[in-house]
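Step one of this worksheet: look at the structure below.
Numbers here simply count residues along the sequence, with the first being 1. Quantities reported herein were computed from a predicted structural model and do not represent experimental measurements.
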Amino acid sequence: MLIRIGGSLEGKVGSSEITPKETFLNRRNFLTGVAALGVGTLALKQVPGLLHPDAVHADTKLTTVASKYTVPDAQTPFAKATTYNNYYEFGTDKSEPAKNAHTLRTRPWTVQVSGLVKKPQTIDIDTIMKYRPIESRVYRHRCVEAWSMVIPWDGYSLGEFISAMEPLPSAKFVQFISASDNKNMPDKPGGYDWPYSEGLRMDEAMNPLCLLTFGCYGEVLPNQNGAPIRVVSPWKYGFKNGKAIVKIVFTDKQPRTLWNEISSNEYGFYSNVNPTVDHPRWSQAHERRIDSSPFPKTVPTQMFNGYVDQVASMYAGMDLKKNF
Ligand code: MTE
């Protein structure tokens, strides 16, 4: 396999497509700042009250551009989106990732691209981040456990990254493998076949809605939300969106996914948000919307999480009760 650290993505873009210098410099400053301050600063940010938020804001801020992908729903406050998380490597209780994920070192970080692809390579995260302007997109975020949030995510379409890697025509699926080393994640619970693994069909991964995500709320992703790189496919249940990705593998077969292996009748490969297909243990017709209210309301769940126009055609002719 060809191993190249950095550089290769730049060679693939025309000058008009390169991230504007100002964006790049701001991001460089941010990265230098993070490196100089060390991971401790990011860790402090995750403990509410220890440090005034403005004190770290300059070091974590991303330069983003507006996006056409947005929803009018009221946004979930940053404090809730970053303290109520699913990230089992850092604990199975929703409050645990915010307390424990400070052990994750997000620099240096590389992503290995392999499998059925013309350009297998290992790429530095900072090269990936500056390949395209980072858009701020407001998406509905629906968990399979029937709660939901509305989050401004920052990233660019995964399809743009995939195209640069030049997958072979035989590549039908793409697998995302998360970090799982003991140094970064010393207290991973037993009973799970780590690393966390998820996958998408190739056309799903190429759908422009599917976001390669580096930040949220205009800031670099907090560790508990998947730093330094995660996927967000907003028409699917949240567990399809692997956090802290270290490997992207192009395959001709449906890849293993952690939750599907644990319980295939509960967590299907597709996992499209579908109010007419219940989880065996609860209804999926409604969701508890976590917003700024102290008393979250229950709202009806929408087909494909409200993204029918953008994604329904990919499933034309498929039995969605069977392929749940
Ligand atoms: N990725 C990893 N590596 N480990 C996890 O436990 N949980 C998934 C997904 N990605 C998970 C993961 C689940 S179940 C959900 S609902 C979303 O992350 C939660 O994302 P959030 O915490 O940013 O809301």
Side-chain angles (χ1 to χ4, degrees), residues 76 80-81 84-97 139-151 172-178 180 188-201 203-205 207 209-210 226 230-243 251 253-291 296-308 310-312 314-324:
T76 302
K80 290 190 181 176
Y84 189 84
N85 300 101
N86 274 333
Y87 201 167
Y88 275 34
E89 291 90 326
F90 293 109
T92 54
D93 187 273
K94 305 243 179 311
S95 65
E96 287 184 296
Y139 280 165
R140 293 184 202 95
H141 177 56
R142 170 63 155 82
C143 180
V144 72
E145 296 158 343
W147 52 265
S148 63
M149 298 188 185
V150 178
I151 298 184
K172 303 292 178 225
F173 295 89
V174 54
Q175 180 182 22
F176 306 95
I177 300 176
S178 299
S180 79
K188 285 194 303 292
Y192 297 91
D193 191 9
W194 306 114
Y196 196 92
S197 167
E198 260 305 337
L200 294 170
R201 216 171 55 187
D203 58 335
E204 298 179 316
N207 188 292
L209 263 189
C210 197
R230 73 177 294 179
V231 167
V232 174
S233 46
W235 70 99
K236 292 180 177 283
Y237 294 121
F239 70 87
K240 293 301 289 179
N241 304 322
K243 298 178 174 183
T251 64
K253 291 181 192 63
Q254 193 173 294
R256 73 163 277 262
T257 71
L258 184 127
W259 283 109
N260 185 256
E261 271 181 358
I262 290 172
S263 187
S264 59
N265 69 322
E266 294 182 289
Y267 309 106
F269 178 80
Y270 285 94
S271 285
N272 292 318
V273 175
N274 188 341
T276 69
V277 177
D278 288 338
H279 185 280
R281 289 182 280 137
W282 59 82
S283 163
Q284 293 291 23
H286 292 87
E287 64 205 55
R288 185 168 50 89
R289 178 61 61 86
I290 300 173
D291 56 18
K297 42 186 177 312
T298 297
V299 298
T301 289
Q302 302 179 66
M303 186 66 200
F304 296 121
N305 210 16
Y307 297 101
V308 170
Q310 293 93 334
V311 304
M314 293 192 291
Y315 310 104
M318 276 175 71
D319 181 345
L320 297 181
K321 286 196 161 49
K322 227 163 120 191
N323 298 288
F324 63 93

Checklist line | All ring pair (Phe, Tyr, Trp, His ring centres under 6.0 Å) counterparts of Phe173, not counting sequence neighbours | finding: Phe269
Next item on the list: Verify whether one side chain among Arg142 and Gln302 offers a donor that lies under 3.5 Å from an acceptor in the other.
Entry: no
Notebook entry, point to check: How far apart are the closest heavy atoms of Tyr196 and Leu258, and which atoms are they?
Noted result: CA-CD1, 4.0 Å
Next item on the list: Locate the shortest heavy-atom distance separating Phe239 from Ser271; write the atom from each residue and the value.
Entry: CZ-OG, 2.8 Å
Notebook entry, point to check: ring pair (Phe, Tyr, Trp, His ring centres under 6.0 Å) with His286: which residues, sequence neighbours excluded?
Noted result: none
Note to self: I need the minimum non-hydrogen distance between Ile290 and Lys80, along with the two atoms involved.
What the structure shows: CG2-CD, 3.8 Å
Note to self: Among Tyr315, Tyr237, Trp235, Tyr270, which residue satisfies the ring pair (Phe, Tyr, Trp, His ring centres under 6.0 Å) criterion with Phe304?
What the structure shows: Tyr315
Next item on the list: For the residue pair Lys94 and Asn86, confirm or rule out a side-chain donor-acceptor distance under 3.5 Å.
Entry: yes
Next item on the list: For the pair Lys236 and Glu204, find out whether any cationic side-chain nitrogen is under 4.0 Å from an anionic carboxylate oxygen.
Entry: yes
Check: Any luck finding a side-chain donor-acceptor pair between Arg289 and Ser148 under 3.5 Å?
Finding: yes
Next item on the list: Decide, yes or no, whether a salt bridge links Asp291 with Lys297 under the criterion of side-chain N to carboxylate O below 4.0 Å.
Entry: yes
Next item on the list: Pick out which of Asp278, Asn272, Thr276 makes a side-chain hydrogen bond (donor to acceptor under 3.5 Å, both in side chains) with Asn274.
Entry: Thr276
